[in-house]
Amino acid sequence: METFSSIECFVRSAEVGSFAEAARRLSLTPAAVGKSVAKLEARLGVRLFQRSTRSLTLTEAGQLFLGEVSASLHTIQNAVANLASAEGRPAGTLKVSMGTVFGRLYIVPLLGEFLRRFPAINPDWHFDNRQVDLIGQGFDAAIGGGFELPQGVVARKLTPAHRVLVASRDYLAQREAIREPDDLSDCDGILIRSPQTGRVRSWQLTSRRQEHSPLNLKARMTMSDSEAACATAVQGLGIALVSMPFAVGYLNAGTLQRVLPDWYVDDGNISIYYAEHKLLPGKTRAFVDFIIEQFAEQQLAQRFSAV
């Protein structure tokens with residue numbers, strides 16, 4: 001049991017690059033984690049970490065050992081957690097990351113039904129538009145789009161991530177008819193900054209006939225959030241390029257309408273992400289299956305498609 005604890009301290013320290021952070025996540029002291037790893041090194045007869053006052057890096061032997069034991073450790077921990085669940089039902093704290101507005105609009109309304117089915121699960125939900133380190137930060141799952149897929153993480157598609165051009169009727173009534181992408185060049189653009197880079201991306205429009213054209217929309221203003229861009233466009237201040245999940249409510253209400261409705265931006269997919277394990281924790285499996293089921297029942301993929 002002592003060796004198992006030492007291996008857990010080693011794996012956590014390697015994942016986060018710090019004895020102090022590993023100790024915080026394991027509810028131990030940094031000294032206890034460091035001592036446990038030192039005992040493991042003595043038992044193995046090799047140095048697993050190169051230590052300095054500012055950094056903790058794996059040695060070649062440490063990298064090899066991490067590759068051998070990491071997956072097995074997670075499998076054992078998940079098996080223990082599943083057996084320890086309340087009367088065999090999924091239980092425990094469920095740490096999930098999701099986009100701020102997307103989560104509030106489409107995930108939070110599902111919480112009541114989820115907890116009715118799985119009352120022993122305690123949600124710990126984080127709302128952030130930036131990509132999180134799923135494994136390093138200890139998340140069970142994340143929901144979002146446009147993320148790079150790190151090693152050891154899998155994604156299940158929920159819906160296409162299409163962006164569309166929208167504007168108010170008043171704004172469009174004051175301008176010449178917009179029939180082709182080139183007609184956008186003199187329009188006031190409400191553009192979105194990337195939460196990761198802070199820059200406005202260069203987008204390519206795709207037509208229903210799979211034609212392509214660069215988006216040449218003059219930047220009148222920039223926002224960091226599609227919901228804010230929609231609320232700005234409602235005021236007749238320009239044409240916004242926004243994600244369909246945020247636009248659909250305004251389009252259904254008639255406060256915004258699509259500009260160039262045969263054209264859209266294909267930004268990949270909105271997916272649910274989780275760590276790849278042979279034995280997934282019951283709470284994570286329950287959440288993933290529930291979200292996929294609810295998106296299918298509500299036909300959100302069809303609602304969010306711009307085609």
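Note that the structure is a prediction, hence the values are computed from the model and not measured. Starting from 1, each residue takes its place in the sequence as its number.
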Grouping I, L, V, M, F, W and Y whenever their side-chain heavy atoms are under 4.5 Å apart, do [X] and [Y] come out in a common cluster?
{"X": "L94", "Y": "L110", "result": "yes"}
{"X": "V234", "Y": "L165", "result": "no"}
{"X": "L184", "Y": "M221", "result": "no"}
{"X": "I239", "Y": "L251", "result": "no"}
{"X": "L40", "Y": "V16", "result": "no"}

What is the ring orientation for [X] with [Y], classed by angle as parallel under 30°, tilted 30 to 60°, or perpendicular over 60°?
{"X": "Y264", "Y": "H162", "result": "tilted"}
{"X": "Y106", "Y": "F304", "result": "perpendicular"}
{"X": "F114", "Y": "F290", "result": "tilted"}

So, do [X] and [Y] sit near enough that their side-chain heavy atoms are less than 4.5 Å apart?
{"X": "F19", "Y": "V37", "result": "yes"}
{"X": "L191", "Y": "V200", "result": "yes"}
{"X": "V259", "Y": "V164", "result": "no"}
{"X": "L115", "Y": "P123", "result": "yes"}
{"X": "P181", "Y": "L215", "result": "no"}
{"X": "K283", "Y": "D140", "result": "yes"}
{"X": "V33", "Y": "F10", "result": "no"}
{"X": "R89", "Y": "F118", "result": "no"}

TODO: Given side chain to side chain contact (heavy atoms under 4.5 Å, CB included), test Q204 with V265 step by step and report yes or no.
DONE: CA-CA 6 Å; Q204 178 175 254; V265 169; over 6 Å; no
Under 3.5 Å, is there a donor-acceptor pair between the side chain of [X] and the main chain of [Y]?
{"X": "S305", "Y": "A301", "result": "no"}
{"X": "R175", "Y": "D186", "result": "yes"}
{"X": "S243", "Y": "P245", "result": "no"}
{"X": "Q235", "Y": "A231", "result": "yes"}
{"X": "E211", "Y": "S207", "result": "no"}
{"X": "S185", "Y": "D182", "result": "yes"}
{"X": "E41", "Y": "F49", "result": "yes"}
{"X": "N252", "Y": "G249", "result": "no"}
{"X": "T59", "Y": "L48", "result": "yes"}
{"X": "R208", "Y": "P261", "result": "yes"}

For [X], look at atom [atom1] and say whether over 12 heavy atoms of other residues, nucleotides or ligands are found less than 6.0 Å away.
{"X": "R130", "atom1": "CZ", "value": "no"}
{"X": "E176", "atom1": "CD", "value": "no"}
{"X": "R258", "atom1": "CZ", "value": "yes"}
{"X": "E60", "atom1": "CD", "value": "no"}

Which atom names give the shortest non-hydrogen contact between [X] and [Y], and what distance separates them?
{"X": "N129", "Y": "G99", "value": "OD1-CA, 3.3 Å"}
{"X": "A275", "Y": "L134", "value": "N-CD2, 3.6 Å"}
{"X": "G236", "Y": "Y171", "value": "O-CD1, 3.4 Å"}
{"X": "I192", "Y": "A229", "value": "CD1-CB, 3.6 Å"}
{"X": "L256", "Y": "C230", "value": "CD1-O, 3.8 Å"}
{"X": "P30", "Y": "A23", "value": "N-CB, 3.5 Å"}

Open item on the list: Does either side chain, that of Y250 or that of E227, offer a donor lying less than 3.5 Å from an acceptor on the other one?
Closed with: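 Y250 vs E227: donor-acceptor pair found between side chains.
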Task: Residue pair R193, D225: steps toward the salt bridge (Lys or Arg N to Asp or Glu O under 4.0 Å) verdict - done: CA-CA 8 Å; R193 293 191 305 272; D225 176 74; over 6 Å; no
Can you tell me how far [atom2] of [Y] sits from [atom1] of [X], rounded to the nearest 0.5 angstrom?
{"X": "I291", "Y": "I107", "atom1": "CD1", "atom2": "CD1", "value": "4.5 Å"}
{"X": "T222", "Y": "I190", "atom1": "OG1", "atom2": "CD1", "value": "10.5 Å"}
{"X": "Q257", "Y": "R169", "atom1": "CD", "atom2": "CZ", "value": "4.5 Å"}
{"X": "D262", "Y": "T206", "atom1": "CG", "atom2": "OG1", "value": "12.5 Å"}
{"X": "I270", "Y": "I272", "atom1": "CD1", "atom2": "CD1", "value": "12.0 Å"}
{"X": "I7", "Y": "S36", "atom1": "CD1", "atom2": "OG", "value": "9.5 Å"}

TODO: Please collect all ring-ring contact (aromatic ring centres under 6.0 Å, His included) contacts where either partner lies in residues 203-232, sequence neighbours excluded, each pair once.
DONE: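 Not a single pair qualifies under ring-ring contact (aromatic ring centres under 6.0 Å, His included).
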Task: Test side chain to side chain contact (heavy atoms under 4.5 Å, CB included) applied to Y273 and I143, step by step - done: CA-CA 6 Å; Y273 301 82; I143 298 173; over 6 Å; no
Open item on the list: Checking F65 against V46 for the side chain to side chain contact (heavy atoms under 4.5 Å, CB included) test, could you report, in this order, the C-alpha distance in whole Å, the side-chain angles of both residues, the deciding distance, and whether it holds?
Closed with: CA-CA 10 Å; F65 188 63; V46 296; over 6 Å; no
- [ ] Could you walk me through whether V132 and S97 pass the side chain to side chain contact (heavy atoms under 4.5 Å, CB included) test, one step at a time?
- [x] CA-CA 7 Å; V132 297; S97 172; 3.5 Å; yes
Open item on the list: For F102 and F127, I'd like to know if the aromatic rings sit close, meaning centre-to-centre distance below 6.0 Å.
Closed with: no
Open item on the list: Whether E293 and R117 form a salt bridge (side-chain N of Lys/Arg under 4.0 Å from carboxylate O of Asp/Glu) is what I want to check.
Closed with: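 Yes, charged N to carboxylate O under 4.0 Å.
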TODO: List for me each residue that meets side chain to side chain contact (heavy atoms under 4.5 Å, CB included) alongside K157, sequence neighbours excluded, and say none if there are none.
DONE: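 Scan of K157 (side chain to side chain contact (heavy atoms under 4.5 Å, CB included), adjacent residues dropped) gives P160, N269, S271.
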